[in-house]
Amino acid sequence: MTISNDGPVPQAVPKATILGGSELHKKPAWWKEATVYQIYPASFCDSNGDGVGDIQGIKSKIPYLRSLGVDVVWLSPIYRSPQRDMGYDISDYRDIHPPYGTLDDWRDLKAELKATGIKIIMDLVVNHTSDEHEWFVESRSSKLSDKRSWYYWQPPKYDEDGNRMPPNNWRSFFGAESAWEYDDATDEYYLRLFTRTQPDLNWENPKVRKAVRDIMSFWLEEGIDGFRVDAINYIAKAPGLPDAEIIEPDIPHQPAMHLYLNRSKCHDFLRELGDKVLSRYDVMTVGETPHVEEPDMAIQYVHPERREFNMIFQWEHMDVDRIPGTLLGWKQYRLSEFKAIMSKWQITMQERGGWNSLYMENHDQGRSISRFASDSPEDRCLSGKLLATFLSTLSGTLYIFQGQDIGMINLPKEWGIEEYSDVVSEMHYRQEKERRQRESKVTDPCMKDVVEDIQKKARDNGRTPMQWSGMSPHAGFTTGTPWRKVNPDYVACNAESAVTDPDSVLNYWKRLIRLRKTWKTLIYGDFEHFAAEHEQLFVYKRSLKGDKDAYVFMNFSDAPIYGVSTIVPEFEGDLVLGNYGTPRDDDVVKSTDTLRPWEARLYCARTEWKDYR
Ligand code: GLC
Ligand code: CA
């Protein structure tokens, strides 16, 4: 069976009989081999001293991105927006948020990126708009507006005592408040699954879908290379918007995710975008799909025959340290659970023809070193490299979030709750306070445990300014006052010193990114996992016909592990990369028997080792 399948497929033959899951998975594509770098514009680089990152700032860092070796830049939203949710609330899809620059600045940025061989993808946020978008302004103005049905409007309900109530009992996604917002102007409620400034678009309305297609075409015609599609599994709501079952009787607003997440209609809408717009371009798409926690569900979005997305951001691994039912409640994760999740995604996507996205950080997450390894001064660098080894040796498209490249960590533990200004942090704090009051728990007035959870998991952690320099004020991010305080550890952790230090996390990433460009096993290879139950050790093999096998040995703990060689007895290989430094002579032949704390070792198997010397 051949790998390429570019010719026309006879109608009567289902494609699946031509390429099975594994062949589909291995079918080469540029976006499978790409390393994507996510830029969060407000915090990347400020060129004019107003304290907010901007497009000129991004342009000035193109040489840095190039030397890192990334293939694609993903820009988090840079569109015109009142910034109530950091640009994920768009008021004009065809214009740039003025503090970031103009559309012409963006065009220059795109041209310069492309000239250096870097592609660009944009964030597409179309489950909702800002309440300041002209569509919504018109929609809310009158029940007779021709944009009224572009959003979900419903009259109030009233209880026996005549109190006004929202049209149904759905809880908003970001907290225990109603998903509906009352609007005086027309005495009706609108649906907003996120914040009150993010009204949900009504995708049932064909005009809305056409408007979304037009926005996509606008940017595709500008020459972009794809989209990261925000909160896209929310777009289809249950017909009739019925009440959710009462699960928490003490609260009026109930979890209702099953009534608006991953509904089959969602796939119809996405296929329409695929067929009418995306199929006309050679672009990549990655859908952000919170609460997709089963590969079966993911396959419906990413199987090539479904013509929806190339891949999604599944969330299962990011939730291993979250207490279910809370927004940011933190629990110590178990490595065996984490490994089981990762292996499941690796193996199922490969068997079923899907494709993974590999990520451990983005603007919605705490820093991975602080969550999944150790951010203590002595361990952070090893930890950063350990996690880099892990992500870069899996099958999927690799995503690096700004700052992850230099091993940035969470905000300092001494910083109080006032430094956490993100809506989700505020919501979690409020929700936990109310929960305690309801349950009449004796509450520590400082809510220390809640603050500690927020410190671990808050989205704020990923949003502090990028640390460019250890010598300049505010880490060289701005000459003015930064919109968010810079993490004071920039003195030790910054790009400038990382570039020159051969042992930096940054230079380690560079090696891994380079390896992925030539060692196709890392991209397309099958995955085999050893010692699944082990709580400190993560070991796997990657193999691809015609290429050298890769073996990865990692110690996810601060204690040494002995007897490692018994885990994969037949193994022999050469050390390609390890986070304890460059290979030594005695590393060359057999696997190590001991793994030092947080150690990661990537080997190339000696399949023909006798001929090797
Ligand atoms: C996505 C974004 C997040 C935003 C939310 C609402 O999850 O990544 O930052 O708050 O959607 O748009
Ligand atoms: Ca600026």
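Both counts, for ligands and for their atoms, begin at 1 and track the order of listing.
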Ring centres under 6.0 angstrom apart (Tyr234, Phe173): yes
May I ask you to check whether Asn48 brings an N, O or S atom to under 3.0 Å from the Ca ion (ligand 2)? yes
Of all N, O or S atoms in Asp50, which has the smallest distance to the Ca ion (ligand 2)? OD1
Numbered atoms and elements of ligand 1 in range of Phe194, under 4.0 angstrom, heavy atoms: 5 (C), 6 (C)
Is the Ca ion (ligand 2) less than 3.0 Å from an N/O/S atom of Val52, whether that atom is in the backbone or a side chain? yes
Closest Asp46 atom to the Ca ion (ligand 2) [N, O or S only]: OD1
Would you tell me whether Asp123 and Tyr88 have side-chain atoms, one donor and one acceptor, within less than 3.5 Å of each other? yes
Short N/O distance, under 3.5 Å, between Trp315 and ligand 1? no
Verify the neighbour count for atom NZ of Lys413: are there more than 12 heavy atoms of other residues, nucleotides or ligands below 6.0 Å? no
Shortest protein heavy-atom distance from atom 8 (O) of ligand 1, along with the residue and atom involved: Asp364 OD2, 2.4 Å
Looking only at N, O or S atoms in Asp54, which is nearest to the Ca ion (ligand 2)? OD2
Under a 4.0 angstrom heavy-atom cut-off, which atoms of ligand 1 come close to Asp85? 4 (C), 5 (C), 6 (C), 10 (O), 12 (O)
As a check for students: among Asp230, Asp123, Val125, identify the option with a heavy atom nearest to atom 1 (C) of ligand 1. Asp230
Only heavy atoms of Arg459, strictly under 4.0 Å: list the atoms of ligand 1 that pass. 3 (C), 4 (C), 9 (O), 10 (O)
Which of the numbered atoms in ligand 1 are under 4.0 angstrom from any heavy atom belonging to Arg463? 9 (O)
Phe174: numbered ligand 1 atoms lying under 4.0 Å from its heavy atoms: 10 (O)
Could you tell me if Thr197 and Asp89 have a donor-acceptor pair between their side chains, going purely by distance under 3.5 Å? no
Check whether Trp170 forms a cation-pi arrangement with Lys237 (NZ or CZ under 6.0 Å from the six-membered ring centre, at most 45° off the ring normal). no
So between Glu288, His128, Arg228, His363, whose heavy atom ends up nearest atom 7 (O) of ligand 1? Glu288
Ring centres under 6.0 angstrom apart (Tyr429, Tyr420): no
Looking only at heavy atoms, which two atoms of Asn310 and Val302 are closest? And how far apart? O-CB, 3.8 Å
Just checking Phe338 against Phe390, ring centres under 6.0 Å apart? yes
Aromatic plane relationship, Trp74 with Tyr399 - under 30° parallel, 30 to 60° tilted, over 60° perpendicular: perpendicular
